Amino acid sequence: MSTDQDLLTDSRLTDGLLAHPYAVYDRLRDSAPVHRVTGPDGSPAWLVTRYDDVREALANPLLSLDKRHALPGGYKGFALPPALDANLLNMDPPDHTRIRRLVGRAFTTRRVEQLRAPIRQTADHLLDALGAHGGADLIAAYAAPLPITVICDLLGVPDGHRRDFRAWTDVLVAPDPARPQAAKEAVVAMLGFFTQLLADKRKEPADDLLSDLIAVRDESGPEGSDRAGSDRLSEDELMSLAFLILFAGYENTVQLIGTAVLALLQHPDQLAALRADPSRLPAAVEEFVRYDGPALLAIRRFPLEDVAIGDVTVPAGETVLLSLAAANRDPRRFPDADRFDLGRDVGGHLALGHGIHYCLGAPLARLETEIALAALLERLPDLKLDGDPGDLRWRPSLRARGLLTLPVTY
């Protein structure tokens, strides 16, 4: 695996992309709809930045997520072993349809709403630990432990392994160029972790999502067959699904909570309006995710045949990167798009995707962010940023935008 610091274009348009992504995306959108770039591992790709082009491409069935359709030498994303790679981010229909149907029922808005009380209980517990006044890193003390607790409880992951998983995830999302083996070591550790976890759940099933998925795997057809019937999971698919739910369920939400809090602290008028009317929080989450969402890019795609995107024809098998962040700041779709405004109409934003690959965990991410902010507004009325915003440190990653720390006083 390689570092995202390697992403460049053939011009100087992307100078400063890691530090100031939205300013760079503005330049890219203005200069051309599609750019030839070098991917994070040094291989070629095409970057799409305008809203209409990104939205159309997200729903285009000719743009495959299956890496088997990639040309040799192109950017393919994470390099994972088969036992972790057989997940929804690498699948097209009919396999994508089959697996999404199996797990989708756990993430419906109605099912997720049943988690409201447990999520609020977790948020209150974390805020109790902070105390009534003082200072803290809100990422380490609140934004990170809240989603990892929620998703681990949902899956049935024991408490003792949660800190390890956070560390492995951080290494994968933002690899350290000074430690080139760290990502490989994290993958090996996660593979061992999930192998043991599945074995433990088979011995002692519980009332959790992972036990339910194991039951689907083990009860649908004879043991040893790759699939038996339309509701069959292979063993690699089972393990990969557990990995994806845990990885994405933690990673995206921790970054969204952090950037949402920062946006409010940097816009006191919007913060005051939300404090005055907390019922606006569910709608506010949509502006948080549009304005500064965690996913800068959608998962890479590979054309099944030559495909026209904007004014460019992308050859079959080459890599296409769709910039959700650039699309959501496109003034052609959202007037004054760089302004943070909780009152704007954000219908149609692409932060959570579009089409059949729309984010499976979107209802859970929305609810966790809503509850996390509601608890903060109620319990820390004097919350302020501690220090100069220019000193904040961001992850050196183009895969997931997020704060390394968020120092606050309260």
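In this text, all values refer to a predicted model and were calculated from it rather than measured experimentally.
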Side chain Tyr75, main chain Leu321, donor-acceptor under 3.5 Å
no
Closest approach of Ala57 to Leu322 (non-hydrogen atoms, all atoms of both residues)
CB-CD2, 3.6 Å
May I ask you to decide if Arg98's main-chain N or O and Arg100's side chain share a donor-acceptor pair within less than 3.5 Å?
no
If I compare all heavy atoms of Gly73 with all of Ser43, which pair ends up nearest, and what's the gap?
O-CB, 3.0 Å
Given side chains that start at C-beta, do those of Asn328 and Val346 come closer than 4.5 Å, heavy atoms only?
no
With heavy-atom distances below 4.5 Å as the criterion, would you say the side chains of Val216 and Leu238 are in contact?
no
Looking at Ala284 and Leu342, what are the two nearest heavy atoms and their distance?
CB-CD2, 3.8 Å
Suppose the criterion is ring pair (Phe, Tyr, Trp, His ring centres under 6.0 Å): which pairs have a residue in residues 313-337, not counting sequence neighbours?
Tyr51-Phe334
Does Ser211 have any side-chain contact (heavy atoms from CB on, under 4.5 Å) partners at least two apart in sequence or in another chain, and if so, which?
Lys201, Pro205, Ala206, Asp208
Check against side-chain contact (heavy atoms from CB on, under 4.5 Å), Arg120 and Asp124:
CA-CA 6 Å; Arg120 180 56 195 252; Asp124 284 334; 3.0 Å; yes
Checking Lys67 now: which residues fulfil side-chain contact (heavy atoms from CB on, under 4.5 Å) with it, not counting sequence neighbours?
Lys76, Asp85, Asn90, Arg300, Phe302
How far does CD1 of Ile99 sit from CG of Asn87, to the nearest 0.5 angstrom?
8.5 Å
I want to check something: taking the side chain as every heavy atom from C-beta on, are Cys152 and Leu246 in contact at a cut-off of under 4.5 Å?
yes
Worked check of side-chain contact (heavy atoms from CB on, under 4.5 Å) between Leu265 and Lys384:
CA-CA 6 Å; Leu265 295 180; Lys384 294 181 176 62; 5.6 Å; no
Could you list all the side chain to side chain donor-acceptor pair (under 3.5 Å) pairs where at least one residue sits in residues 133-157, not counting sequence neighbours?
Asp153-Arg162
Side-chain donor-acceptor distances from residues 349-361 under 3.5 Å, at least two apart:
unit_1	atom_1	unit_2	atom_2	d
His349	ND1	Ala351	N	3.2
His349	NE2	Glu286	OE1	2.7
His357	ND1	His96	NE2	3.1
Tyr358	OH	Arg366	NH1	3.3
Tyr358	OH	Arg366	NH2	3.0

Taken to the nearest 0.5 Å, the spacing of Leu197 CG from Met239 CE works out to 9.0 Å
Spacing of OG belonging to Ser64 relative to CG belonging to Leu304, to within rounding of 0.5 Å
5.0 Å
Grab the two heavy atoms, one from Leu324 and one from Ala298, that are nearest each other, plus how far apart they are.
CG-N, 3.8 Å
Stepwise side-chain contact (heavy atoms from CB on, under 4.5 Å) check, Phe194 with Leu210
CA-CA 11 Å; Phe194 281 109; Leu210 190 52; 5.8 Å; no
With sequence neighbours excluded, tell me which residues meet side-chain contact (heavy atoms from CB on, under 4.5 Å) with Pro278.
none
Side chain proximity check, Tyr250 to Thr169, heavy atoms < 4.5 angstrom:
yes
Can you name the closest pair of heavy atoms from Gly402 and Gln255 and give their distance?
CA-OE1, 2.8 Å
Are His69 and Asp92 side-chain neighbours, meaning at least one heavy-atom pair lies under 4.5 Å?
yes
Please tell me if the side chains of Thr369 and Thr253 come closer than 4.5 Å, counting only heavy atoms from C-beta onward.
yes
If you count heavy atoms of other groups shown closer than 6.0 angstrom to CD of Gln114, is the number above 12?
yes
Under a 3.5 Å distance rule, please check whether Thr259 uses its side chain to pair with a backbone N or O of Asp292 as donor and acceptor.
yes
Side chains of Leu65 and Met91: closer than 4.5 Å at any heavy-atom pair?
no
Pairs where residues 303-319 contributes a residue and the test salt bridge (Lys or Arg N to Asp or Glu O under 4.0 Å) is met, not counting sequence neighbours
Arg36-Glu318
Heavy-atom nearest pair, Ile119 first then Glu368, reads CD1-CG, 3.9 Å
Nearest 0.5 Å, please: how far is CG in Leu281 from CG in Leu373?
6.0 Å
Sort and list the pairs that fulfil ring pair (Phe, Tyr, Trp, His ring centres under 6.0 Å) and have at least one residue in residues 255-286, not counting sequence neighbours.
His267-Phe340
Evaluation steps, side-chain contact (heavy atoms from CB on, under 4.5 Å), between Leu383 and Val261:
CA-CA 10 Å; Leu383 189 68; Val261 173; 4.2 Å; yes
In this structure, CG of Leu88 is separated from CG of Leu241 (nearest 0.5 Å) by 6.0 Å
All pairs passing salt bridge (Lys or Arg N to Asp or Glu O under 4.0 Å) where residues 267-279 contributes a residue, at least two apart
none
For the pair Thr122 (side chain) and Pro118 (backbone), establish whether a donor and an acceptor sit closer than 3.5 Å, ignoring hydrogens and angles.
yes
Check whether any side-chain N or O of Arg217 sits under 3.5 Å from a backbone N or O of Leu233 as a donor-acceptor pair, and report yes or no.
yes
Of all residues at least two apart in sequence or in a different chain, which pass the side-chain contact (heavy atoms from CB on, under 4.5 Å) check with Glu113?
Arg116, Leu367
Pairs in or reaching into residues 331-360: which pass salt bridge (Lys or Arg N to Asp or Glu O under 4.0 Å), with residues at least two apart or in two chains?
Glu287-Arg344, Arg329-Asp338, Asp330-Arg332, Asp336-Arg339, Arg339-Asp341
Under 30°, 30 to 60°, or over 60°: which ring-plane class applies to Phe247 and Phe243, parallel, tilted or perpendicular?
tilted
So does Gln266 have more than 12 non-hydrogen atoms from other groups sitting under 6.0 Å from CD?
yes
Can you check whether Ala106's main-chain N or O pairs, donor with acceptor, with Arg111's side chain at less than 3.5 Å?
no
How would you list all residue pairs meeting salt bridge (Lys or Arg N to Asp or Glu O under 4.0 Å) that involve residues 42-66, not counting sequence neighbours?
Asp66-Arg68
Looking at CG of Leu380 and OG1 of Thr409, how far apart are the two atoms once the value is rounded to the nearest 0.5 Å?
10.0 Å
Quick one, Pro331 and Arg29 - any side-chain contact, counting heavy atoms below 4.5 Å?
yes
